[in-house]
Amino acid sequence: MRRRLAMWTASHLMRPLPGPGEVHVWCLFPEDITGEDTALWKTYKELLSPSEKTHIAQCSSNPKLQTEKLLARTLVRTTLARYASGIVAPSSLRFTKNEFGKPNVIWPVKRLDKWRPPSLCFNLTHTQSLLMCAVTQKAEVGIDVEERERKFTRDLMALARRQLSPEEADWLSQFTDPNEQRCQFIQLWTLKEAYVKALGKGISKAPLKEFTFTFNASSPTVLRNLKQAVTIPISLSRAVENSDDAWQFLLLQPSACHYASICTQILPSSTFEQGSLQLEGWSDHNNLRVQIWRTVPLVRDEALEGAVALALSDPLSS
Amino acid sequence: MATVQAVLSLNAAAVSIPCPTQAPQQLRVATFNGMKAFPVLKKRPTALALRLVASRRPLRISAAADPETLQVVSSLIAEQLAIDIGQVKADSKFTDLGADSLDTVEIMMALEEKFEIQLDEDNAEQIVTVQHAADLIQDVVAAKKA
């Protein structure tokens, strides 16, 4: 345990804060951690709060689910602690939820010399094969991931009619290949979920059927270092609270087997004290910059190879 | 999401002695903090009294779905999530069983199809546990017959 804590303060695991218009995405693939690394699993368990441990113990009849929940808590704790310059240990963070279930972090240290806890927004999503945590500074963020090969037990078009807007369902019905139709449905679903999670006001404030994502191939947008993406205009037929907020969406494939969507608020640059950063190698088109890592918490981080951006929206007011 | 605990006050007569010949009770709407909960049907006293005896927990005054409904709901959920039915308890939360939002929607659709009912989105959103789902199903089915 001491060895791990010493690693914790190792500088290569710390990160500078996300800048304006920047989203950091941390991806954890459970396949990267072997079952034999019992010391690592033990360390992860020790990061958890008593209530988290109890909660996980309750699903003892479902080991895969237990693992997923354990890794989810590990990912969010270690991710947030990265941005605290080694001052805060992952196990010392506490979490609360707002009335709609959106999580928030409470830092144990309020000040240390000149250091103050950063104003981080974060969101977590997971499937059994991939867990992702998105982090921004001050801008609300939502993220959702689904497996491409996810099995549906219901008829897909019935699901689409029920959950998507009429325009989206009509668009989906045009696909004749069931595989492609399923993939498109999953993409739309992750976009919607990311939006609802970013808003953090629950499903009732942003009913899924009342806003529409459309894919417009007429003006492709290029993101450097990621493949060519198409622009997705988003129209909202119903005003939601804070309708002067601007939101931006990125649809991506973090791996060949997954679709994920990220939704983030575009804040005026006056929100930030410094000027906006220019990062090497990343386009600042539409002011959205994304950095994605593949991580084994407390062990290593590397750039996520093979992530593909599928679509990016123009920043639009909701 | 606020958990709605419907606190009803049963009148003493219903709780005391099982009485199979008692007339069906009326639909009552429970409220909690001024928010309307989904309608709760008072159970036939026989079933309720038996449940009270069997339960080791303090008296939870919410009308429960009958065991058959709970069984059907549980097995549908187990099938949807591809888990063993033994893992599906009445007080299991959907999220604790590994259901994400898409699973929950598919479960709702399966239940609607099985019981030939329509579930209101507002009600569906308040479902947290398997028991909630079974209770809601039973209410909607009863309301449909009424």
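Just so we're on the same page: letters track the sequence lines, and every chain starts at 1.
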### Query
Does the separation of the ring centres of F185(A) and F152(A) fall below 6.0 angstrom?
yes
## Note on the structure
Of E106(B), E113(B), E79(B), the one forming a salt bridge (Lys or Arg N to Asp or Glu O under 4.0 Å) with R154(A) is E113(B)
### Query
When you check the gap from the basic side-chain N to the acidic O, do R162(A) and D155(A) get nearer than 4.0 Å?
no
### Query
Less than 4.0 Å between a side-chain N and a carboxylate O, is that true for D96(B) and K69(A)?
yes
### chain B contact via H55(A) - side chain, backbone, both or neither, heavy atoms under 4.5 Å
side chain
### Message
Quick check on L159(A) against chain B: is it the side chain, the backbone, both or neither that has a heavy atom closer than 4.5 Å?
### Response
both
### Task
Please state whether the side chain, the backbone, both or neither of D103(B) comes within less than 4.5 Å of a heavy atom of chain A.
both
### Query
At a heavy-atom separation under 4.5 Å, does L97(B) approach chain A through its side chain, its backbone, both, or neither?
backbone
### Task
May I ask you to check whether T69(B) and D66(B) show a side-chain donor-acceptor distance below 3.5 Å?
yes
### Task
Heavy-atom pairs under 4.5 Å with chain B are the metric here; pick the option from Q58(A), K102(A), E146(A) that has the most.
E146(A)
